[in-house]
Amino acid sequence: MKLNIAVLPGDGIGPEVTNQAIKALKAIALEFNHNFKFVTANVGAMAIDKHNDPLPEETLDLCKSSDAILFGAIGHPKYDNNPTAKVRPEQGLLKLRKELGLYANIRPVKAYETLLDKSPLKKHIVQGTDISIYRELTGGIYFGEKQLSADGNVASDLCMYSREEIERIAHLAFQAAQNRNNKVTLVDKANVLESSRLWRKVVAEVAEQYKDVELDYLFVDNAAMQMILNPKQFDVILTENMFGDIISDEASVIGGSIGLLASASVGEKYAMFEPIHGSFPQATGKGIANPIASILSAAMLLEHFDLFAEAEMIRQAVDKSLKLNISTPDINIKYDNVTTGKVGEFIEDFISNPDDSNMNFTNIHLGQSTII
Ligand code: IPM
Ligand code: MG
């Protein structure tokens, strides 16, 4: 298959983790005889520095003319600590989502057997967790009208949803549940918010078309608690934009590190793949950023094009790296010198030589080929 992939590494650790995903994709292309072409473009704080625009026109054009987008991370402390900044890196990502119509953000959350001890939660609570979060991505409070009074003392953000916006992601969530454990949990705040009551009404109607899927509802405050108390109760979580943002960061502690969580953002026409983590400025260039979220985002990219064996190969490589402790310090329980690049190299090597599965970590010379 021929794929043109736009690469938007962005800020902070974005470039270093994205590079590892590219290594994995290149190894897959070689093994499976695909033709993947990568073209890089600017986004975020680095794009503001260069072009005074967090999403330059040429970046958007590249995304629109590509088959898929691999996104790194966005954000810089110089904007976080400046509430009056007129141009912000995050605007680049939000505009990208909106312009490309990426209305559904899919965030899988899984407890890896090998990492159960890394989770701050008790092992028996996290073991077996397997959730798919469907977060609405182009509506709600993120995109509603914003106002700041002339004297700068009163501000508001409108949370607005239409039936169509709810329906289209609800269908995706129910279809996903049909391929999983047939359960959708709608997370909302219908006891307080009118927009949430519309979600309940519309989602209940959509559910009529999916009789084999059980639908239940949770208020977001309760859902936040349930996520920690008993994450195994969830199969597919369907929720609006901001609740999904918050609940997915919370869910990331289950797996032991936010550095493991990948995501796909899809719409009618375009698809973008990105880790759920941010730009982690303190770690930039230190080689400690976990590239797995980006590498697993690449696996989701492959699945999007029905390249299932290829995606599975990446997942196997990731599992192997976790088993052998070839991982960055956030999850490594044995070695403290495994860098972002070394994890990427291991995954790349594994893809090229999957049969060499009995490699013994103590026998391999990390940093060079793992195949000796
Ligand atoms: C995410 C991020 C973004 C969001 C930020 C960077 C705008 O937190 O993708 O979860 O809030 O959607
Ligand atoms: Mg977030």
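Positions are given from 1 along the sequence. Both ligands and their constituent atoms are indexed starting at 1 by order of listing. Heavy atoms only: backbone and side chains are in, while hydrogens, waters and symmetry mates are out.
- The number of heavy atoms from other shown groups lying within 6.0 Å of CE (Met160) does not exceed 12.
- Metal site remark for the Mg ion (ligand 2): Asp249 contributes no N, O or S atom at a distance under 2.8 Å.
- Of the possible donor and acceptor atoms, none in the side chain of Asn241 sits under 3.5 Å from a partner among the backbone N and O of Gly140.
- A salt bridge is absent between Glu345 and Lys342: the closest approach of a Lys/Arg side-chain nitrogen to an acidic carboxylate oxygen does not fall below 4.0 angstrom.
- Take the N/O/S atoms of Asp245: the one nearest the Mg ion (ligand 2) is OD1.
- Not one N or O on the side chain of Glu31 forms a donor-acceptor pair closer than 3.5 Å with the backbone of Ile28.
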With the criterion set at N/O pairs under 3.5 Å, what does the list of contacts between the protein and ligand 1 look like, atom names and distances included?
from     : atom 1 : to     : atom 2 : distance (Å)
ligand 1 : 8 (O)  : Asp245 : OD1    : 3.2
ligand 1 : 9 (O)  : Arg97  : NH2    : 2.7
ligand 1 : 9 (O)  : Arg107 : NH2    : 2.9
ligand 1 : 10 (O) : Arg107 : NH1    : 3.3
ligand 1 : 10 (O) : Arg107 : NH2    : 3.0
ligand 1 : 10 (O) : Arg135 : NH1    : 3.3
ligand 1 : 10 (O) : Asp245 : OD1    : 2.9
ligand 1 : 11 (O) : Tyr142 : OH     : 2.5
ligand 1 : 12 (O) : Arg97  : NH1    : 2.7
ligand 1 : 12 (O) : Arg135 : NH1    : 3.3
ligand 1 : 12 (O) : Arg135 : NH2    : 2.8

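- Put simply, the side chain of Ser196 gets close to the backbone of Lys189: a donor and an acceptor are under 3.5 Å apart.
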For this session: Take Tyr210 and Gln175 through the side chain to side chain donor-acceptor pair (under 3.5 Å) test and state the conclusion after the steps.
Result: CA-CA 8 Å; Tyr210 302 89; Gln175 284 156 17; 3.0 Å; yes

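- The residue from Lys110, Lys232, Arg180 that alone fulfils the salt bridge (charged side-chain N to carboxylate O under 4.0 Å, His left out) condition with Asp130 is Arg180.
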